[in-house]
2 protein chains.
Amino acid sequence: MSTSGRGLHGRVLDTLGPEITAGGYPPGSVLRTDELAQRFDVSRSVMREAVRVLESMHLVASRRRVGVTVLPPAEWNVYDPQVIRWRLAGADRPRQLRSLTVLRSAVEPVAAGLAARNATAEQCAALTECALGMVATSRGHRLEDYLVHDTAFHRVILTASGNEMFARLGDVVAEVLAGRTHHEVMFEDPDPAAVTLHVQVAEAVREGDAARAEELTREITVGALQELDILAP
Amino acid sequence: MSTSGRGLHGRVLDTLGPEITAGGYPPGSVLRTDELAQRFDVSRSVMREAVRVLESMHLVASRRRVGVTVLPPAEWNVYDPQVIRWRLAGADRPRQLRSLTVLRSAVEPVAAGLAARNATAEQCAALTECALGMVATSRGHRLEDYLVHDTAFHRVILTASGNEMFARLGDVVAEVLAGRTHHEVMFEDPDPAAVTLHVQVAEAVREGDAARAEELTREITVGALQELDILAP
DNA sequence: GTGACGAATAAGTCTGACTTTTTGGCTCCG
DNA sequence: CGGAGCCAAAAAGTCAGACTTATTCGTCAC
């Protein structure tokens, strides 16, 4: 399911990327292209391409006579979807999930407010459909079906905001929601209050009530923060 | 001043990247690696490395027997600092600046609230110093000096929030502030009310008053939105 | 019209030789 | 004893050419 599945260099990245983002090499560690090529049994050309990609993500820096230096996490392009996936698959998944949830709590309310102003009729219809789908699947342990509608709902909100930076966070939110359903404590049916909030957000967007859409979405994200025990008194 | 200055493939990217992000090639356009290598007078190895980097930014997709296809803007990794720089240097700079300012308006207030809870003594001191610097340079057409302190102020806020996703937006905010000073209508001294707000935010953070820090920062970002004629009634 | 086969095409891969830059040590001189 | 400058090693960087593989398109038979 990884994006870099095609090509030899992609397969190298699939193991080297997670190793680095998991902290397998302390910042400042030096790798040598030739050794890596030997280790993965690929030619230097392929290895160089892989290193270039890691370099563009600011995971490593390549310098002559020194080698490929692993950079500290503060330098990483943490908004790169590939880096996000690698980190979510690694050991500090909880930490990553918390960071992203805080980001959600900042972005989504504003996005919902903008959506109330800018959403097209089609987007309003899609939003209502998602909300109804959430209601329909909110009981009877249909968590997977619920997740589909929930993810679609938030994706429509972000897209309908009309802001491309928000729209591109759709995948991130999808990862967070999937992570919550699959790995966190979520064996029971979703909170009925949360479901109601989603329906009300769809209403507010449809009616063009930006302030209400923003406030209701804020309540949703506050709930998400509380689920992860992130204080917000 | 570009990050990819070193290396031949970096020089290729410095011209090919901006060309693509400026919309020089319609989505779906097909480039051939060999032709590009000829055009830039580099070997195919170097050209392939450059294409790999563009591919990791989701600007292009490379497929066998077809070539290097330019992807539509909706696919681009718009959070990649390199992509942001390329787009800010291009024709749709105003559009980009507006998108980023909306993002700021969502993120910075929340970050300020978190900073009020998490900032260290050193960060509080740095914040106060920045605010005082802004006051000192807010009169007498010292726009460049003011920009330095303003940029530092917002960077400290984002870092002090303790959230790595927020912290990594420091460079983006710096670009937006610099763009406002250098290319927008900003010949006069900064708005005294905005300067005061920054001082008050520093106070609120120092006192640990999260709600007040958030609200004051929201006022700052509302001002930034109004400067770009982005409605927020 | 549809399906299968085959040829053309462009990316993908590998190899080996060569270049360039940087660093670390070594010498030589003050 | 210390510092400036030089030299050699090391690793990334670059290049050229040959070969492989997957994909697409055209053609031909059914």
Side-chain angles (χ1 to χ4, degrees), chain A residues 1-17 19-20 24-72 75 82, chain B residues 1-17 19-20 24-72 75 82:
Chain A
M1 192 65 75
S2 180
T3 43
S4 55
R6 56 224 176 173
L8 256 187
H9 88 281
R11 237 165 290 167
V12 172
L13 285 174
D14 282 340
T15 68
L16 193 52
E19 278 183 12
I20 295 175
Y25 305 94
S29 301
V30 175
L31 311 171
R32 255 129 15 199
T33 307
D34 290 4
E35 290 185 4
L36 289 174
Q38 278 189 17
R39 175 185 158 195
F40 291 103
D41 194 38
V42 295
S43 67
R44 290 193 308 285
S45 332
V46 169
M47 198 60 226
R48 286 178 56 73
E49 290 171 24
V51 169
R52 282 281 174 267
V53 173
L54 294 175
E55 199 177 25
S56 87
M57 297 169 172
H58 282 79
L59 296 183
V60 304
S62 180
R63 276 168 48 203
R64 276 186 156 143
R65 167 55 181 177
V66 175
V68 178
T69 312
V70 177
L71 295 176
E75 301 272 352
Q82 183 78 87
Chain B
M1 192 65 75
S2 180
T3 41
S4 54
R6 53 218 176 178
L8 256 187
H9 87 282
R11 238 164 289 167
V12 172
L13 284 175
D14 282 339
T15 70
L16 194 52
E19 278 182 13
I20 295 174
Y25 305 93
S29 301
V30 174
L31 312 172
R32 253 131 10 205
T33 308
D34 291 5
E35 291 183 4
L36 290 173
Q38 278 189 17
R39 175 185 159 196
F40 291 105
D41 194 36
V42 296
S43 68
R44 287 184 309 132
S45 330
V46 169
M47 198 60 226
R48 286 180 54 75
E49 290 172 23
V51 169
R52 282 281 174 267
V53 173
L54 294 175
E55 199 175 26
S56 87
M57 296 169 173
H58 283 77
L59 297 183
V60 303
S62 182
R63 277 167 48 202
R64 275 187 160 151
R65 173 59 165 104
V66 175
V68 179
T69 311
V70 177
L71 295 175
E75 301 273 351
Q82 183 79 88

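Residue numbers start from 1 in every chain, and the chains themselves are labelled A, B, ... in the order their sequence lines are given, proteins ahead of strands.
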* **Whole-Å gap separating P (dT13(C)) and CE (Met47(B))** => 17 Å
* **Gap between atoms CD and P, on Gln38(B) and dC15(D) respectively (whole Å)** => 14 Å
* Closest heavy-atom contact between Val12(A) and Ala50(A)? -> CG1-CB, 4.1 Å
* **Inter-residue atom distance Gln82(B).CD - Ser56(A).OG, 0.5 Å rounding** => 9.0 Å
* Structure fact -> side-chain contact (heavy atoms from CB on, under 4.5 Å) test vs Leu54(A) passes for just one of Ile20(A), Val70(A), Leu31(A), namely Ile20(A)
* Structure fact -> Heavy-atom contacts, protein to nucleotides 7-14 of chain D, under 4.0 Å, summarised as B (base), S (sugar-phosphate only) or - (none) per nt, yield --BBSBBB
* Asked: Is the backbone of Arg52(B) close enough, under 3.5 Å, to the side chain of Glu49(A) for a donor and an acceptor to pair up by distance?
  -> no
* Asked: Near Glu19(A) CD, under 6.0 Å, is it more than 12 heavy atoms from other residues, nucleotides or ligands?
  -> yes
